[in-house]
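Presented below is the structure to which this report refers.
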There are 2 protein chains.
Amino acid sequence: MAAERSGGGDPARTIALLWRRPPEPKPVGRKAKVSVDQIVTAAIAVADREGLGAMSMARVAQELTVGTMSLYTHVPGKAELIDLMADTVLQERDLTPEGTWRERVKHYADRTRAVYQAHPWMRDVSMVRPPLGPGLMDGQEFVLAALADSGLEPRHVTVAHVAIEGFVHGAAASEVDDQQLERTTGESGDSWWGARQVFWDDYFDVERYPTMTNLWNAGAYDTDGTLADTMRSSFDYGLEKLLDGIEGGMR
Amino acid sequence: MAAERSGGGDPARTIALLWRRPPEPKPVGRKAKVSVDQIVTAAIAVADREGLGAMSMARVAQELTVGTMSLYTHVPGKAELIDLMADTVLQERDLTPEGTWRERVKHYADRTRAVYQAHPWMRDVSMVRPPLGPGLMDGQEFVLAALADSGLEPRHVTVAHVAIEGFVHGAAASEVDDQQLERTTGESGDSWWGARQVFWDDYFDVERYPTMTNLWNAGAYDTDGTLADTMRSSFDYGLEKLLDGIEGGMR
DNA sequence: CCTCATTTCCGTAGGCCATACGGAAACAAT
DNA sequence: ATTGTTTCCGTATGGCCTACGGAAATGAGG
């Protein structure tokens, strides 16, 4: 379906969970078999292996040898669990503030990209209404600090920030899409394209697509590395050009 | 769940459907109550109104007053139906080749953005293994022609193309994310942020986030328009800077 | 009109999913 | 041993996709 995060429940409860502020100590009552951390860890493990689609409450409970409904004692629902998962993996970026502002933005992009590589299901998590936890907030502060040091006006810092965030998450997402599809469908990108050879043979119209034909003949699509390499270069190229443009606008 | 397109079935069948090449005329047998076009149109209508999550085979069949399983006579399965939907709405961009190469790329970006605006469920459709139909192909040809006219080397045309494609789809996707969430959850972005006021009151740490605090105090987050306006400017700003960078790299 | 091959229509059934509800079980304090 | 509190979890509801196979409709040939 979709980016199925939203946190329909009580926002205060979700935010308290994100910052791991337990409601209060409970010396009385039955001992808990599982903790929030265990649930989040197990959920991430399932999603890493089999995709977000396979991360069901029943599946996570099974992983912890616990009844499905037990999870609801610790976590309001599935949407909130996804919030917790996302913020947790965003904390894996350890962002060291070294170098020029450009180097720091590049560093941020690389670390974020690494998160997506390690957790391809992040593709399916919308960042428009993000989990307001430490993982997200620390990243924002890091990029904003770099941009503020660049000499941009405060006003332009915020708009450049949104553009960079959008590019990084968007590019990282489309880069791991391929792997995620491979994981869920069991078919690799190369094999997928290979199976569609029939398209180039029977449907591609040279007259309708002259530019593609020319580029093909000019060897523009000859490639040494894999499809993953190509996407990686595009990520770097695009970010570089975007930063060039931002820098150029300052002078 | 996810970007639930993949076309696990026979690729040749799917491609034939995308280009609307019927297998052959059938003078014999029971008359069909519905056509492929009707199914695709109804599916798009449902997804437009209620999101891709609500676009189930049963729901589409209901729309056409037909049994659920009847759809499978005309369409291999849900994944292929989504392929058909995506390529159909991409055909709605009518791309007129006028102006400089930059103007044409901008034109392409705007038309693609309009598609996402009209069909927010496109956010959930992965473009990594795209539907190889006329809608997608015509768009690719258009951008490549613009870039080829720019004077870029063939080699750089392809990498710039991937970067632009990624930016446009990524930015358009995150721009409509908000609307889609509003549609499915019934809560607007403003109301969502408002309900999380508690975060700024009780959790935001001024010492931990000095840059954000400074920017806030400098009025960088004061805004005249809505959240949608802000995202729109970022889309334009980011594309502009990306094209600046690409153009600058040529000299 | 009847037969028959061909095509489409679609009911049923199996195996998934989230989660509301409410009772059973475990534990600390009295 | 009782009581209050908390956690655990079985059941049930209403959804989803689609494999299977039989019923219904249609045109052609007799």
Side-chain angles (χ1 to χ4, degrees), chain A residues 1-10 13 22-36 38-39 42-43 46-47 50-83 85 121 124 184-185, chain B residues 1-2 4-10 13 22-36 38-39 42-43 46-47 50-83 85 124 184-185:
Chain A
M1 111 203 33
E4 41 208 316
R5 246 207 53 256
S6 66
D10 177 23
R13 168 101 191 270
E24 64 206 58
K26 284 162 206 157
V28 207
R30 185 172 179 170
K31 289 273 187 283
K33 271 172 83 174
V34 287
S35 67
V36 172
Q38 281 172 15
I39 293 172
V46 171
E50 303 166 48
L52 198 59
M55 196 286 289
S56 67
M57 299 302 271
R59 188 79 183 62
V60 172
Q62 190 189 30
E63 201 85 353
L64 297 166
T65 55
V66 158
T68 307
M69 290 315 291
S70 302
L71 303 185
Y72 287 89
T73 304
H74 306 279
V75 163
K78 193 187 186 186
E80 291 80 0
L81 177 54
I82 295 178
D83 272 4
M85 294 167 65
W121 47 267
D124 301 318
T184 50
T185 68
Chain B
M1 116 202 22
E4 40 207 316
R5 248 208 50 257
S6 66
D10 176 24
R13 167 100 191 269
E24 64 206 58
K26 283 159 206 158
V28 205
R30 186 172 178 170
K31 288 276 188 278
K33 271 171 83 174
V34 287
S35 66
V36 172
Q38 280 171 16
I39 293 172
V46 171
E50 303 166 47
L52 198 59
M55 196 287 288
S56 66
M57 299 302 271
R59 187 81 183 63
V60 172
Q62 190 188 29
E63 202 86 352
L64 297 166
T65 56
V66 159
T68 306
M69 291 315 292
S70 301
L71 303 185
Y72 287 89
T73 305
H74 307 279
V75 163
K78 195 188 184 186
E80 290 80 1
L81 176 54
I82 295 178
D83 272 3
M85 293 166 66
D124 301 318
T184 51
T185 69

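Computed from a predicted structure; not experimentally measured. Letters A, B, ... are given to chains in the order of the sequence lines, protein chains preceding strands, and every chain is numbered from 1.
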Interatomic distance, [X] [atom1] vs [N] [atom2] [rounded to whole Å]:
X	N	atom1	atom2	result
B/L64	C/dT8	CG	P	16 Å
B/H74	C/dC9	NE2	C1'	8 Å
B/L71	D/dC20	CG	P	18 Å
A/L52	C/dA18	CG	C1'	14 Å
A/E50	C/dC16	CD	C1'	14 Å

If you look only at pairs with a residue in residues 64-77 of chain B, which of them pass as a side-chain hydrogen bond (donor to acceptor under 3.5 Å, both in side chains), with sequence neighbours excluded?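 Counting only pairs at least two positions apart or across chains, no side-chain hydrogen bond (donor to acceptor under 3.5 Å, both in side chains) contact touches residues 64-77 of chain B.
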Minimum-distance nucleotide (side-chain atoms of A/V28 versus C/dA28, C/dC9, D/dT7):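 Selected nucleotide: C/dA28.
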What is the nucleic acid contact for A/V34, judged by heavy atoms within less than 4.0 Å: base, sugar-phosphate only, or nothing?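 It contacts sugar-phosphate atoms only.
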What protein N or O atoms touch nucleotides 22-25 of chain D N or O atoms at under 3.5 angstrom, if any, and at what distances?
unit_1: D/dA24; atom_1: N3; unit_2: B/R30; atom_2: NH1; d: 3.3

Just to confirm, is there a sub-4.0 Å distance from OP1 or OP2 of C/dT8 to any side-chain nitrogen or oxygen of B/S70?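 No, no such contact exists.
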Does A/K33 have a side-chain nitrogen or oxygen under 4.0 Å from the phosphate oxygens OP1 or OP2 of D/dC9?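 Yes, such a contact exists.
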Report the end-to-end axis angle of the helix from C/dC1-D/dG30 to C/dT30-D/dA1; each axis comes from five terminal pairs, and the value is rounded to 10°.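 Roughly 30°, once rounded to the nearest ten degrees.
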Using a cut-off of 4.0 Å between protein heavy atoms and nucleotide atoms, how would you tag nucleotides 10-18 of chain D 5' to 3' with B, S and -? B-----SSB
Identify each donor-acceptor pair in which a side-chain atom of residues 52-64 of chain B lies under 3.5 Å from a protein atom, sequence neighbours left out, and give them as a table.
unit_1: B/S56; atom_1: OG; unit_2: B/R59; atom_2: N; d: 3.0
unit_1: B/R59; atom_1: NH1; unit_2: B/E63; atom_2: OE1; d: 2.9
unit_1: B/R59; atom_1: NH2; unit_2: B/E50; atom_2: OE2; d: 2.7
unit_1: B/E63; atom_1: OE2; unit_2: B/R49; atom_2: NH2; d: 2.7

Below 3.5 Å between N/O atoms, which protein atoms pair up with nucleotides 13-15 of chain C? Just atom names and distances, please.
none

